[in-house]
Protein chains: 2
Amino acid sequence: MSRRSGVLEFAVLGLLRESPMHGYELRKRLNTSLGVFRAFSYGSLYPCLKALVQRGWLVEETSGQPEEQQSGRAQAAAPLTGRRAKIVYRLTAEGKEHFEELLSQTGPDTWEDEHFGVRFAFFGQTSRDVRMRVLEGRRSRLEERLAKMRASLARTRERLDDYTLELQRHGMESVEREVRWLSELIESERQGTERSGRQGRQTGQDRPAPGPSDNTDR
Amino acid sequence: MSRRSGVLEFAVLGLLRESPMHGYELRKRLNTSLGVFRAFSYGSLYPCLKALVQRGWLVEETSGQPEEQQSGRAQAAAPLTGRRAKIVYRLTAEGKEHFEELLSQTGPDTWEDEHFGVRFAFFGQTSRDVRMRVLEGRRSRLEERLAKMRASLARTRERLDDYTLELQRHGMESVEREVRWLSELIESERQGTERSGRQGRQTGQDRPAPGPSDNTDR
DNA sequence: AATTTCATGTAATTCGTTACATGATTCC
DNA sequence: GGAATCATGTAACGAATTACATGAAATT
């Protein structure tokens, strides 16, 4: 029943924060704006929307109505026999609050493969502080992975055939490329903030007191 | 129940074709040799192995026995109270036949994201003919995707913020890079038996090309 | 008028994971 | 003799898909 995902939920809240939409449109945005990495189907989306409504983070509005009453599907929104309503979803205050809490998170759930893309897509709404930690978290995750690959490659080089080797080589190159990309982004973020004192690199160390106090203005 | 996957099943058959192994070892190979792309857990692997045994594609052998009888777990393989047997899985003739049939396939199930990596990993056992079609299939799939991305980017460029744009740009670049890689591979296949060494291989280990001569022409 | 695109949803299924449970073997 | 690693499994859950079902609106 409760088809609540991490990624999909996050993306839906994020998109609806920008403006209200109905499901069909939402899905299109999901699969283009954020879409190289993830594609969602209606079978995931609609149940997710319902779950979010139930938790009070969204309200449904039947379009065509003027701005009168819009309590979560309060009135008999178009009889079942009549013309089917187009349901527009709007983020509630609680939903907005919840999304901002999600935005302020750091940790594996922000930099692992499944999550990173969608997090990045909403970096525009994320505080610089958090952006930095997510980028650095992802980079050190990838470097870790790279180290393992190198070790395993050194151990088994002889036993692998050319294609397997080539696959591995290409995989490693892809990861290395993403690391370079992240480094550029991190550097770029750094230049945005601190133009005074030089900065030694402090990878992945968690420092206290982020004070995510201000966020989300862009 | 029947936890039969496409990818996992294929990889298991392919690895066992090279040599018999027990589950634990199989899983390690799965997550290193083929591993940048996919990682499997025991919760997937063991049920899969059982299913493959049931279909007659694998047999279990309790190790420690000399090469006597090895009909699928025929005898009371070590009493439950005694020392637990290490179960070695071996590909049957039917299993081998089935795998070769899988190897000979082309089509979306060979070039889509989920499948391509594992297919490529077993290119050493695949006929050149099929290799070509898989590589070309994947390339045109990616080019299609690229076209969509470009179109969507042209349509929505104005409305997107910098981070979303950067994400999209990086995604496209990744795809373009894979297309170039595929083109090199295709070219290399076309040139035939002479040398597989493609540029950018800095591992020092120059291997005389597969001359992927050996098997499977149908 | 017919076809495509818009629009919403449900049921069953797929492919996998995590957490749990158990025990043997090897290294230090 | 304790820890790490080897080794095998099961139950419950997760996150998504596909196929199905329906119907309205716009385009040709």
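Labels below follow one simple rule: chain letters A, B, ... track the order of the sequence lines, proteins then strands, and each chain is numbered from 1.
For B/Y24, whose side chain is taken as the heavy atoms from C-beta onward, the closest listed nucleotide among C/dA7, D/dC6, D/dA16 is D/dC6.
A sub-4.0 Å separation between OP1 or OP2 of C/dC15 and a side-chain N or O of B/S44 is absent. One finds a side-chain N or O of B/K50 lying less than 4.0 angstrom from the OP1 or OP2 phosphate oxygen of D/dT10. Taking side-chain N and O atoms only, B/R27 has no distance below 4.0 Å to OP1 or OP2 of D/dC6. A close approach under 4.0 Å does occur between a side-chain nitrogen or oxygen of B/Y46 and OP1 or OP2 of D/dT8. For D/dT8, the OP1/OP2 oxygens have no side-chain nitrogen or oxygen of B/Y42 closer than 4.0 Å.
Between B/F40 atom CZ and C/dT18 atom C1' the separation is 16 Å, expressed in whole Å. What separates NZ of A/K86 from C1' of D/dT22 is a distance of 18 Å, to the nearest Å. Per the geometry, CD belonging to A/E25 stands 21 Å off P belonging to D/dA24, to the nearest Å. Atom pair A/D109:CG and C/dT17:C1' shows a separation of 14 Å (rounding to whole Å applied). Protein atom CD of A/E114 is 15 Å distant from nucleotide atom C1' of C/dC15, rounded to whole Å. Atom C1' of nucleotide C/dA7 and atom CZ of A/R29 are separated by 18 Å, given to the nearest angstrom. Between A/I87 atom CD1 and D/dA24 atom P there is a gap of 15 Å when expressed in whole angstrom units. Summarising the geometry, the separation between NE2 on B/H22 and P on D/dT5 is reported as 16 Å, rounded to the nearest angstrom.
Residues passing the ring-ring contact (aromatic ring centres under 6.0 Å, His included) test with A/H170, sequence neighbours excluded: B/W181. Residues satisfying the ring-ring contact (aromatic ring centres under 6.0 Å, His included) criterion with B/F99, sequence neighbours excluded, are B/F10, B/F122.
Closest approach of B/R90 to B/P20, counting heavy atoms only: NH1-CG, 3.6 Å. Nearest heavy-atom pair, B/G171 versus B/M149, reported as atom, atom and distance to 0.1 Å: C-CE, 3.9 Å.
Although no hydrogens or angles enter the test, the distance criterion places a donor-acceptor pair under 3.5 Å between the side chain of B/R131 and the main chain of B/T126.
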